[in-house]
2 protein chains.
Amino acid sequence: MPRKSSAADAPLRLDNQICFAVYSAAHAFNRVYKPLLDRLGLTYPQYLVMLVLWERDDVPVKDIGERLFLDSGTLTPLLKRLEAAHLVKRTRSSEDERQVLIALTAQGHALKEKARAVPQSILAASDCSVSELVTMKDEIVALRDRLNAVIGE
Amino acid sequence: MPRKSSAADAPLRLDNQICFAVYSAAHAFNRVYKPLLDRLGLTYPQYLVMLVLWERDDVPVKDIGERLFLDSGTLTPLLKRLEAAHLVKRTRSSEDERQVLIALTAQGHALKEKARAVPQSILAASDCSVSELVTMKDEIVALRDRLNAVIGE
DNA sequence: TCACATTTAATTGTTCGCAATTGAATGTGC
DNA sequence: GCACATTCAATTGCGAACAATTAAATGTGA
């Protein structure tokens, strides 16, 4: 029973796992974003929801979920907190009473201007050229989409 | 007040965010791992802890935390669940009573053999060559380390 | 030795993330 | 028109993730 490192163990070594690279990079991003988003009064997932809404407003919860790969169990309480912060308004659609439409308030719209400072701070923190980041982003998105394709069988 | 898309909004567009690429890829990995890890009775963070312990046993909580970038607030309850599942044993160090040492049980050691099937399933799901994955992993790790460097100032 | 800072894990409280379920609204086939 | 399935958000329960605090053990300087 060898307890020393062996070649057969390489696939199980933490530092060989791309999933851990991604997992730990996501947490690192979170920690860099935290102080920036604190000034906006947002958490990171809330910031993502605001990014979606700043692109297009008055959308059902489901659309936000599809965009962010999140379900109602995550979004419902998060959106209620954004509503409590007076950033969004939740109203049931009159055409389809099952849907809840999410609209930005004036404050929600206004926050977009303050948010413009965030991406440039992140770019600086990543200490990387824009083109390198774009390349990496595209590769990671491609990998994500392949993984998501497997889930749907 | 233009509500249509403008070039000034590009930095705030969701699809331009590398952080979202990483964030959503991490969740995609999680969803692919889930059915595989269910068979081992582990969650993904628990699997990471087991990877660390399969490399080296009988280590303080702090060491696991440094390896995974997690703190005691996350690890203490997680390790208690692994102990409840009879995979690890938590014992206070006799040299330094502040430390809690984590050791694998026989079951914990044995689980490593069942876990060997996991990485190859992930490789298949990623639909990618090993060399491509290694390159991406190294780039992501380098980015993560630059981000972490900024946090420590 | 003794006050004091540091280290370490545990605890508490808040927010995600998801599976599973519920319940209401809508659509479909007959 | 009516049973039936589907869609959508909300809810519940559990497991992370982390900030902030607590408490005990250890190290350090005077």
Side-chain angles (χ1 to χ4, degrees), chain A residues 19-20 23-35 37-38 41-50 59-66 68-85 88 90-102 148 151, chain B residues 19-20 23-35 37-38 40-50 59-66 68-85 87-88 90-102 148 151:
Chain A
C19 64
F20 175 63
Y23 169 91
S24 55
H27 290 316
F29 267 118
N30 214 327
R31 284 188 284 267
V32 174
Y33 269 99
K34 180 113 199 353
L37 295 181
D38 278 350
L42 296 173
T43 66
Y44 180 69
Q46 290 169 6
Y47 174 69
L48 291 180
V49 169
M50 294 302 285
V59 291
V61 174
K62 189 174 191 292
D63 286 20
I64 301 174
E66 281 174 359
L68 299 177
F69 307 97
L70 296 174
D71 68 1
S72 69
T74 301
L75 288 175
T76 296
L78 188 156
L79 290 167
K80 284 183 177 175
R81 284 188 280 273
L82 288 180
E83 188 175 44
V88 307
R90 300 162 64 250
T91 48
R92 228 156 246 289
S93 164
S94 50
E95 296 107 56
D96 187 340
E97 291 273 348
R98 292 170 303 181
Q99 295 187 348
V100 169
L101 298 179
I102 308 298
N148 278 333
I151 295 163
Chain B
C19 63
F20 175 64
Y23 169 91
S24 55
H27 290 317
F29 267 118
N30 213 326
R31 285 188 284 267
V32 173
Y33 269 99
K34 178 116 199 349
L37 295 181
D38 278 350
L40 306 184
L42 295 174
T43 65
Y44 179 69
Q46 289 169 6
Y47 173 69
L48 291 181
V49 169
M50 294 301 285
V59 291
V61 174
K62 189 174 191 296
D63 285 19
I64 300 174
E66 282 174 358
L68 299 178
F69 307 97
L70 297 174
D71 68 1
S72 69
T74 301
L75 288 175
T76 297
L78 188 156
L79 289 166
K80 284 182 178 175
R81 281 179 215 110
L82 288 180
E83 188 175 45
L87 294 173
V88 307
R90 299 161 66 249
T91 48
R92 230 158 242 291
S93 164
S94 49
E95 295 107 54
D96 187 340
E97 291 274 346
R98 294 170 303 181
Q99 296 186 347
V100 169
L101 298 179
I102 309 298
N148 278 332
I151 295 163

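Computed from heavy atoms alone, side chains included, the values below leave out hydrogens, waters and symmetry copies. First the proteins, then the strands, lettered A, B, ... as listed; each starts at 1.
Applying the salt bridge (Lys or Arg N to Asp or Glu O under 4.0 Å) definition to pairs two or more places apart or across chains, those involving residues 25-34 of chain B are B:K34-B:D38.
Across all strands, A:N30 comes closer than 4.0 Å to no nucleic acid atom at all (heavy-atom distances).
The side chain of B:Y44 contributes no N or O atom lying less than 4.0 Å from OP1 or OP2 of D:dG15. The side chain of A:T43 places no N or O atom within less than 4.0 Å of a non-bridging phosphate oxygen (OP1 or OP2) of C:dT14. For the OP1/OP2 pair of C:dT11 and a distance below 4.0 Å, the side-chain nitrogens and oxygens of B:K80 include at least one atom meeting the criterion. Neither OP1 nor OP2 of C:dA9 sits under 4.0 Å from any side-chain N or O of B:R90. Contact between the side-chain N/O atoms of B:R92 and the OP1/OP2 oxygens of C:dA9 is not found at any separation under 4.0 Å. Within the 4.0 Å cut-off from OP1 or OP2 of C:dC16, at least one side-chain nitrogen or oxygen of A:Q46 is found.
Not a single donor-acceptor contact under 3.5 angstrom links the side-chain atoms of A:T76 to the base of D:dA9. Under 3.5 Å, the side chain of B:T74 and the base of D:dA16 form no donor-acceptor pair of N or O atoms.
Which of D:dA16, D:dA19, C:dC18 sits closest to the side chain of B:D71 comes down to D:dA19. Listed nucleotides: C:dC16, D:dT26, D:dA9. Nearest to the side chain of B:R98: D:dT26. Listed nucleotides D:dA17, D:dA10, C:dA19 differ in distance to B:K34; the shortest reach to its side chain belongs to C:dA19. With C:dT26, C:dG17, D:dT26 as the candidates, the nucleotide lying closest to the side chain of A:L70 is C:dG17. In the set C:dA9, D:dA9, C:dC16, the nucleotide with an atom closest to the side chain of B:P60 is C:dA9. Considering only side-chain atoms of B:H27, the nucleotide from C:dG17, C:dT15, C:dA25 that sits closest is C:dG17.
Nearest approach of B:G41 to B:Q46, heavy atoms of both residues: O-OE1, 4.0 Å.
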